[in-house]
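Encoded as structure tokens, the structure appears first; notes follow it.
Here is how names work: the chains are called A, B, and so on, in the same order as the sequence lines, proteins then strands, and each is numbered from 1.
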There are 2 protein chains.
Amino acid sequence: MIRIKSILKENGYKLTSQRRATLEVILHNEDKHMSTEEIFIEVKKTNPDIGLATIYRTVLLLEELGILVRLNFEDGRNRYELSHPEEDHDHHHLICLKCGQVSEVEEDLLESLEETIDRNHNFKIINHKVKFFGHCNRCR
Amino acid sequence: MIRIKSILKENGYKLTSQRRATLEVILHNEDKHMSTEEIFIEVKKTNPDIGLATIYRTVLLLEELGILVRLNFEDGRNRYELSHPEEDHDHHHLICLKCGQVSEVEEDLLESLEETIDRNHNFKIINHKVKFFGHCNRCR
DNA sequence: ATCTTTGCAAATGCTTTGCACATTC
DNA sequence: GAATGTGCAAAGCATTTGCAAAGAT
């Protein structure tokens, strides 16, 4: 949170109570990949007067600052998770086609593919988004 | 087209002139990753009376039948390309962050990562969606 | 003749925006 | 006190849907 506050400050933004509350909900729900509306519902429990537009503006800002990562699980809404600055590329997600559960893959293992792409396509990779669809341990 | 017609027929759907025109536009614009509206504008040139809703219904149907693959390049609209039945998994896309150009990667090279996921996460992979963001040959 | 498909317009659902007021530094 | 941030309601935009008419087998 201290790190995040200084990122905001460095960029000329304030850590308002709404932004702090939004961040705390996301920090306390790691691995949940919350949608904007889910974040809104949670934040409302401590800040009942907050508006949905504020949550939209906050997650957009936090994404631009690299604090959040926007996820797309093909369900028609944006979802967010904390960015992990120690990982230089986003991690992958496993999405169960039966129950919808989403889990994370810590292994990257894309080095050789990315080298091949750099070599064969002359394309400089900065980041990637990788989703695997299939059946989770409970549904397979 | 003969193959597609029989897939439609097998599933109890008709190859109407609207569906044929939609397919022809997609067939004649391979590698363009057209959005629904772009398809609509193209189809209108030969079928001026077609409605946008028909295009939406057609691409949805063709996707369900496995004839099209829906793509998401994070620009707020669905895009489609022909499915390549000889590939058992969708191919990857390279998206240039500067000029927006999208190109395709024929190399899969995900076998070892997918084996690791099966082993470590007990997750049975059926398909994947892989996007690489970076700078293309002209922009790097 | 029956079942499917289409065009249109309206509805939907997520997200963004304009604006007056409030808050922060 | 100037600039930034917020809440609300309205607008925006891609997509879906209800329905009556048209089309296919």
Side-chain angles (χ1 to χ4, degrees), chain A residues 1 4-25 33-65 67-80, chain B residues 1 4-25 33-65 67-80:
Chain A
M1 188 59 102
I4 294 171
K5 179 165 186 174
S6 56
I7 293 174
L8 284 166
K9 207 165 205 170
E10 278 165 27
N11 288 276
Y13 299 109
K14 299 166 186 171
L15 182 56
T16 62
S17 64
Q18 291 91 335
R19 287 176 182 161
R20 167 174 272 120
T22 303
L23 273 162
E24 265 162 10
V25 162
H33 315 105
M34 297 175 90
S35 69
T36 315
E37 183 142 25
E38 287 166 353
I39 296 168
F40 174 61
I41 291 167
E42 250 340 268
V43 173
K44 247 183 147 23
K45 291 180 182 171
T46 57
N47 285 46
D49 294 339
I50 201 167
L52 179 54
T54 299
I55 307 288
Y56 272 98
R57 284 187 277 234
T58 300
V59 291
L60 199 67
L61 175 65
L62 295 175
E63 189 204 348
E64 283 166 4
L65 294 176
I67 295 165
L68 296 184
V69 175
R70 179 166 39 82
L71 307 171
N72 180 324
F73 295 157
E74 322 257 330
D75 62 352
R77 65 204 65 195
N78 287 335
R79 297 178 172 278
Y80 294 90
Chain B
M1 187 59 102
I4 294 171
K5 179 165 185 174
S6 56
I7 294 175
L8 284 166
K9 208 164 204 173
E10 279 165 27
N11 289 274
Y13 299 110
K14 298 166 185 169
L15 183 55
T16 61
S17 65
Q18 291 91 336
R19 287 177 182 159
R20 167 174 273 120
T22 303
L23 273 161
E24 265 161 10
V25 163
H33 316 103
M34 297 176 89
S35 68
T36 316
E37 184 142 25
E38 286 166 355
I39 296 168
F40 175 60
I41 290 167
E42 250 341 87
V43 173
K44 248 182 146 26
K45 292 180 182 169
T46 57
N47 285 46
D49 294 338
I50 201 166
L52 179 54
T54 300
I55 307 287
Y56 272 98
R57 285 186 278 232
T58 300
V59 293
L60 199 67
L61 175 66
L62 296 174
E63 188 204 349
E64 284 166 3
L65 295 175
I67 295 164
L68 297 183
V69 175
R70 179 165 40 84
L71 307 171
N72 179 325
F73 295 158
E74 322 258 330
D75 62 352
R77 64 205 65 197
N78 287 335
R79 295 177 173 278
Y80 294 89

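Of the candidates C:dT17, C:dC25, C:dT15, C:dT17 carries the atom nearest the A:Arg57 side chain, counting heavy atoms from C-beta on. Ranking D:dT17, D:dG7, C:dG7 by closeness to the B:Ala53 side chain, first place goes to D:dT17.
Among all heavy-atom pairs drawn from A:Arg79 and A:Ser35, the shortest one is NH1-N, 3.6 Å. Residues A:Thr36 and A:Leu52 approach most closely at O-CD1, 4.5 Å, considering heavy atoms.
Mapping A:Thr16 and A:Arg79 onto DNA chain C by nearest heavy atom places A:Arg79 closer to the 5' end of the strand. Summary of the strand contacts: A:Leu60 and A:Leu15 both lie near DNA chain C, and taking for each the nucleotide with the nearest heavy atom, the more 5' one is attributed to A:Leu60. Nearest-nucleotide assignment on DNA chain D puts the 5′-proximal partner with A:Arg19, out of A:Arg19 and B:Leu52.
Between the A:Asn47 side chain and the A:Asp49 main chain, no donor and acceptor come within less than 3.5 Å of each other. Looking at A:Arg20, its side chain never comes within 3.5 Å of a backbone N or O of A:Leu15 through a donor-acceptor pair.
With the 3.5 Å cutoff on both pairing distances, Watson-Crick and G-U pairs in DNA chain D assemble into runs of at least 3 at C:1-25 with D:1-25.
Residue B:Asn11 contributes atom CG, which lies 16 Å from atom C1' of C:dT5 at whole-angstrom precision. Taking atom NZ of B:Lys14 as the reference point, atom C1' of D:dA24 lies 4 Å away to the nearest angstrom. Rounded to whole Å, atom P of D:dA14 lies 14 Å from atom CG of B:Asn72. When rounded to the nearest whole Å, the span between CD of A:Glu74 and C1' of D:dA14 equals 15 Å. Note: CD1 (B:Ile50) to C1' (D:dG23) measures 14 Å, nearest angstrom.
Checking the phosphate oxygens (OP1, OP2) of C:dT16, no side-chain nitrogen or oxygen of A:Tyr56 falls inside 4.0 Å. Between A:Arg77 and C:dG13 there is no side-chain N or O to OP1 or OP2 distance below 4.0 Å. Remark: A:Asn78 is in phosphate contact with C:dT15, judged by side-chain N or O atoms under 4.0 Å from OP1 or OP2. Contact check, A:Gln18 against C:dT23: no side-chain N or O comes under 4.0 Å of OP1 or OP2.
Using a 4.5 Å cut-off on side-chain heavy atoms (C-beta onward), B:Tyr13 and B:Ile7 make no contact.
Salt bridge absent: B:Glu38 and B:Arg77 never bring a charged side-chain N and a carboxylate O closer than 4.0 Å.
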